2 protein chains.
Amino acid sequence: MSQAKTAEPRPYHHGDLRRALVDAARRLLEAEGPSALSLRAVAREAGVSPAAPYHHFKDKSELLDAVAHEGWETLNAQMAEAKARDTGPHQLTGLGIAYVCFARENPALYRVMYDMVREKEALPLDVQGDNDSAYCMVRDTMVEHGADPGAETHLELATIAAWCGAHGLAEMAGFKQFEHLKEELGGERAFLDAVLSHMGLFTAKHGAC
Amino acid sequence: MSQAKTAEPRPYHHGDLRRALVDAARRLLEAEGPSALSLRAVAREAGVSPAAPYHHFKDKSELLDAVAHEGWETLNAQMAEAKARDTGPHQLTGLGIAYVCFARENPALYRVMYDMVREKEALPLDVQGDNDSAYCMVRDTMVEHGADPGAETHLELATIAAWCGAHGLAEMAGFKQFEHLKEELGGERAFLDAVLSHMGLFTAKHGAC
DNA sequence: CAAGATATCTGTACAGCGCTTAGATATGAA
DNA sequence: TTCATATCTAAGCGCTGTACAGATATCTTG
């Protein structure tokens with residue numbers, strides 16, 4: 001491509017309202033939670049009129065899509081980092097911990113991410129393709145030194161099972177019923193480690209969050 | 001108690017508007033999905049004014065609580081039924097299947113149920129108490145003939161791990177990426193069976209949905 | 001049966017929401 | 001300089017959750 005005609009539209013008035021809107025949304029999300037994420041509130045936070053966002057996003061859900069997309073990118077990056085940090089046999093555990101820790105540290109963002117996933121009924125990145133999505137990272141790590149390569153083990157199914165467990169734990173780790181367990185085990189991190197190891201698909205204990 | 005003073009409030013005008021509202025909500029939920037569940041729409045469906053529900057529910061979320069509560073009761077009943085149907089070594093698998101099947105057959109209701117759970121940050125029924133909640137049922141079944149009673153097995157953690165896996169699968173089983181797997185395995189039911197069995201905590205395959 | 005207390009429901013209203021439309025304004029191209 | 005176009009504002013529609021005043025039906029008490 002040439003330089004800056006078809007590549008980037010480069011807005012005029014605001015500089016980059018699209019960017020500013022996504023940032024404002026993330027700021028609101030962290031400060032006030034997912035229920036405060038109205039289009040009008042985002043526009044207010046960004047200092048523009050309520051109708052301005054419609055020149056950059058088809059509707060509200062498209063804005064949330066953009067926020068969620070950045071969330072998935074961050075999650076992918078953090079999991080890649082965890083994988084690079086530990087190349088030993090506990091890599092899978094490290095990935096699981098990284099996943100759950102991200103969700104626990106960014107609960108509002110994780111909720112927006114999964115709201116979008118539920119609406120689309122699909123994980124955000126192509127599972128088939130050999131891209132570097134988190135899902136494929138888990139699957140590949142499973143091949144390298146995953147669970148026992150028994151006769152009945154189906155790679156894709158094992159990956160799905162692991163993903164389901166990690167997602168379930170990510171959503172439920174904060175439940176009040178489990179607080180006594182966290183104390184018993186010595187903190188939330190130990191609790192996450194313990195539950196993941198009981199899932200069988202994340203084999204040993206580790207330290208990577 | 002005597003007859004009808006402290007027992008049931010028995011409303012006057014409508015007969016039992018509270019009941020009618022919950023039923024209307026469930027009807028709307030099944031017909032139009034969770035996004036159509038506005039308080040006004042429920043009141044419309046029940047044939048009363050928009051303000052009428054406020055004499056029976058503090059606010060909208062309390063109405064949804066009631067709907068979700070009935071959902072959990074139904075789920076508990078279906079799991080108890082599954083447990084009674086098969087008293088053999090595959091009881092745990094039957095419970096897992098019953099859980100996921102309920103969620104898959106009542107997706108909108110399951111969403112309302114878990115929205116409430118996420119908001120309260122707690123499972124709906126007391127996990128500690130020895131009541132007959134689904135959670136306790138899973139735990140007890142695990143004791144009776146669950147996974148291997150190895151040295152490192154912590155009953156509560158194993159139950160949580162199983163619950164996380166089942167919830168994850170319940171939310172993700174419908175994802176488009178998994179359709180080719182369902183075909184490969186011969187239907188969604190076989191897919192659910194296979195993923196659950198890969199979780200390790202639900203041991204063998206079974207037939208109970 | 002009469003009458004007052006109370007629970008239930010209606011009508012109306014308000015602020016906030018997502019979104020649309022028409023018009024103003026700033027920018028890039030001719 | 002002029003025009004086309006991209007960007008933003010102002011105003012408004014129908015919807016939402018919720019509050020309040022008043023009407024009405026039922027229960028309770030005499």
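Remember, predicted model here, so these are calculated numbers, not experimental data. In the text below, chain A, chain B and the rest are named by the order of the sequence lines, each starting its count at 1. Below, each value reflects all heavy atoms present in this structure, side chains not excepted, and no hydrogens, waters or symmetry copies.
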If I take atom [atom1] in residue [X] and atom [atom2] in nucleotide [N], what distance separates them, rounded to the nearest angstrom?
| X | N | atom1 | atom2 | value |
| --- | --- | --- | --- | --- |
| A:Leu17 | D:dT9 | CG | P | 8 Å |
| B:Leu64 | D:dT18 | CG | C1' | 15 Å |
| B:Arg19 | C:dT8 | CZ | C1' | 19 Å |
| B:His55 | D:dT24 | NE2 | C1' | 12 Å |
| B:Arg18 | C:dC9 | CZ | P | 13 Å |
| B:Glu32 | D:dT16 | CD | P | 12 Å |
| B:Leu21 | C:dT8 | CG | C1' | 12 Å |

List the atom of A:Leu192, the atom of A:Ala173, and the distance in Å for their closest heavy-atom pair.
->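 Closest approach of A:Leu192 to A:Ala173: CD2-CB, 3.7 Å.
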Hey, can you tell me if B:Trp163 and B:Tyr99 have their rings parallel, tilted or perpendicular (30° and 60° cut-offs)?
->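 Ring orientation, 0 to 90° scale: perpendicular.
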Identify, with sequence neighbours excluded, every residue that meets side chain to side chain contact (heavy atoms under 4.5 Å, CB included) alongside [X].
| X | value |
| --- | --- |
| A:Lys60 | A:Leu39, A:Leu64 |
| A:Arg19 | A:Asp16, A:Val22, A:Asp23, A:Glu70 |
| B:Glu184 | A:His154, B:Leu181 |
| A:Glu62 | A:Phe57, A:Lys58, A:Asp59 |

Which ones in residues 36-54 of chain A lie close to DNA chain D, meaning a heavy atom under 4.0 Å from one of its atoms?
->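 Heavy-atom cutoff 4.0 Å gives A:Arg40, A:Val48, A:Ser49, A:Ala51, A:Ala52.
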Please report, to 0.1 Å, the donor-acceptor pairs under 3.5 Å made by any side chain of residues 164-172 of chain A, with sequence neighbours excluded.
{"residue": "A:His167", "atom": "ND1", "partner": "A:Tyr110", "partner atom": "OH", "Å": "2.7"}
{"residue": "A:His167", "atom": "NE2", "partner": "B:Glu171", "partner atom": "OE1", "Å": "2.6"}
{"residue": "A:Glu171", "atom": "OE1", "partner": "B:Arg118", "partner atom": "NH1", "Å": "3.0"}
{"residue": "A:Glu171", "atom": "OE1", "partner": "B:His167", "partner atom": "NE2", "Å": "2.6"}
{"residue": "A:Glu171", "atom": "OE2", "partner": "B:Arg118", "partner atom": "NH1", "Å": "2.6"}

Output every pair passing side chain to side chain donor-acceptor pair (under 3.5 Å) with a member in residues 36-51 of chain B, not counting sequence neighbours, ordered by first then second residue.
->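 As it turns out, the side chain to side chain donor-acceptor pair (under 3.5 Å) pairs with a partner in residues 36-51 of chain B, which skip direct neighbours, are B:Arg27-B:Glu45.
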Hey, does the side chain of B:His56 come within less than 4.0 Å of C:dA7's phosphate (OP1/OP2), counting only N and O?
->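 No, outside the criterion.
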Under the side-chain hydrogen bond (donor to acceptor under 3.5 Å, both in side chains) test, residues paired with B:Asp65 that sit two or more places apart |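 Scan of B:Asp65 (side-chain hydrogen bond (donor to acceptor under 3.5 Å, both in side chains), adjacent residues dropped) gives B:Lys120.
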Taking only heavy atoms on the protein side, list every residue of residues 107-118 of chain B lying under 4.0 Å from any atom of DNA chain C, sorted numerically.
->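 Listed by number, there are none.
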